[in-house]
A.B. asks: 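Handing you this structure, nothing more for now.
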Amino acid sequence: AHDAEASARAAALIAALWRAQEPLAFDSLLMELLQTLARHARHGPAPADERASPRFAAVTEYMRAHLERKLSTEELAAVAWLSPFHFLRSFKSACDATPQQALMVLRLAEAKRRLAGGEAPAAVAAAVGLTDQAHLTRQFARRYGVTPSRYQQQVGAAQARTRPAG
């Protein structure tokens, strides 16, 4: 049976694969595409590994410690002691996100912390491994619904209201 939604999703993932600039993003998109296509295969899904979550705590900590770098699937798989393909499949199953999605969440959380501390958006972007300030602005606004500079204004205003009068 033809599934228009799955077809559109697969087409969007293929287009995103062509635009992917980081190896981890490419591998994560490829894994999503394979999972989209696998739903239409004639075999059942692989069972989830109940021991996966503790295994991926080390991967998450490794990502957090290396936010400023481009990370590869092979590098993260080695931290988890898995093959790259098994790592991608297991990580997605255990964490309900691709490694690239998890890395972006960690990068944006750190960016939010640094912005609240008053760091310049361009410096924050570089410190958390984003391409430039524009990349930070797009991703930050998509995740939090506000631009980094607007967030800093809001945090600054909130801090000013909570400071005791001098």
Side-chain angles (χ1 to χ4, degrees), residues 1-115 124-146 148 151:
H2 178 71
D3 184 346
E5 187 176 317
S7 295
R9 177 82 180 130
L13 287 167
I14 291 168
L17 278 169
W18 283 105
R19 293 187 308 270
Q21 294 180 1
E22 292 190 31
L24 186 58
F26 180 89
D27 292 345
S28 295
L29 288 165
L30 182 59
M31 187 66 216
E32 280 190 67
L33 176 62
L34 291 173
Q35 287 177 330
T36 298
L37 298 174
R39 291 184 193 111
H40 300 281
R42 295 186 182 187
H43 58 81
D49 181 0
E50 286 89 28
R51 299 161 305 182
S53 293
R55 170 176 278 163
F56 295 125
V59 174
T60 302
E61 287 308 311
Y62 185 86
M63 284 189 217
R64 189 175 281 117
H66 298 93
L67 292 176
E68 75 287 351
R69 291 186 36 232
K70 287 186 178 184
L71 300 174
S72 70
T73 302
E74 290 78 11
E75 186 177 357
L76 297 177
V79 172
W81 293 87
L82 295 171
S83 70
F85 183 78
H86 188 70
F87 166 73
L88 286 172
R89 190 169 47 97
S90 299
F91 189 95
K92 172 84 174 182
S93 175
C95 302
D96 203 28
T98 66
Q100 180 65 27
Q101 290 166 336
L103 180 60
M104 185 56 70
V105 167
L106 293 171
R107 284 177 168 164
L108 291 174
E110 178 62 13
K112 190 175 184 182
R113 187 188 71 74
R114 288 172 175 260
L115 289 165
V124 170
V128 300
L130 297 174
T131 311
D132 54 22
Q133 185 174 343
H135 189 199
L136 171 65
T137 299
R138 280 191 311 275
Q139 294 297 324
F140 197 90
R142 182 179 298 150
R143 175 115 181 123
Y144 299 116
V146 63
Y151 173 73

A.B. asks: With Arg142, which residues qualify under salt bridge (charged side-chain N to carboxylate O under 4.0 Å, His left out), at least two apart?
C.D. replies: none

A.B. asks: Is any side-chain heavy atom of Phe140 less than 4.5 Å from a side-chain heavy atom of Lys112?
C.D. replies: yes

A.B. asks: Using side-chain hydrogen bond (donor to acceptor under 3.5 Å, both in side chains) as the criterion, list what pairs up with Glu75, not counting sequence neighbours.
C.D. replies: Tyr62, Arg69

A.B. asks: Should Arg9 and Glu5 count as side-chain neighbours, where that means a heavy-atom distance under 4.5 Å?
C.D. replies: no

A.B. asks: For Val59 and Ala80, work out which heavy atoms get closest and say how close.
C.D. replies: CG2-CB, 3.7 Å

A.B. asks: Of all residues at least two apart in sequence or in a different chain, which pass the side-chain hydrogen bond (donor to acceptor under 3.5 Å, both in side chains) check with His135?
C.D. replies: Thr131

A.B. asks: Take Thr98 and Met31 through the side-chain contact (heavy atoms from CB on, under 4.5 Å) test and state the conclusion after the steps.
C.D. replies: CA-CA 8 Å; Thr98 66; Met31 187 66 216; 5.6 Å; no

A.B. asks: Could you check if a side-chain atom of Val105 sits within less than 4.5 angstrom of a side-chain atom of Arg143, using non-hydrogen atoms only?
C.D. replies: yes

A.B. asks: Is there side-chain contact between Leu103 and Leu67, with heavy atoms separated by less than 4.5 Å?
C.D. replies: yes

A.B. asks: Should Phe91 and Leu82 count as side-chain neighbours, where that means a heavy-atom distance under 4.5 Å?
C.D. replies: no

A.B. asks: Determine the minimum heavy-atom distance between Ala20 and Leu29, stating which atoms define it.
C.D. replies: CB-CD1, 4.0 Å

A.B. asks: Which atoms form the tightest heavy-atom contact between Pro23 and Thr73, and what is the distance?
C.D. replies: O-OG1, 4.4 Å

A.B. asks: If you take the centroid of each ring, where Trp contributes its six-membered ring, are Tyr151 and Tyr144 closer together than 6.0 Å?
C.D. replies: no

A.B. asks: For Glu61, check salt bridge (charged side-chain N to carboxylate O under 4.0 Å, His left out) against everything at least two apart and list the hits.
C.D. replies: Arg64

A.B. asks: If you measure from OG1 on Thr36 to CD1 on Ile14, what distance do you get to the nearest 0.5 Å?
C.D. replies: 9.5 Å

A.B. asks: Quick one: are Arg107 and Leu136 in side-chain contact, heavy atoms under 4.5 Å?
C.D. replies: no

A.B. asks: Quick one: list whatever passes salt bridge (charged side-chain N to carboxylate O under 4.0 Å, His left out) with Glu74, sequence neighbours left out.
C.D. replies: none

A.B. asks: Between Ser28 and Gln100, is there a donor-acceptor pair closer than 3.5 Å when you use the side chain of the first and the backbone of the second?
C.D. replies: yes

A.B. asks: Counting only N and O atoms by type, is there a donor-acceptor contact under 3.5 Å from the side chain of Ser90 to the main-chain atoms of His86?
C.D. replies: yes

A.B. asks: Any idea which heavy atoms bring Gln21 and Lys70 closest together, and the distance?
C.D. replies: O-NZ, 4.3 Å

A.B. asks: The criterion is salt bridge (charged side-chain N to carboxylate O under 4.0 Å, His left out); which residues satisfy it with Glu110, sequence neighbours excluded?
C.D. replies: Arg113, Arg114

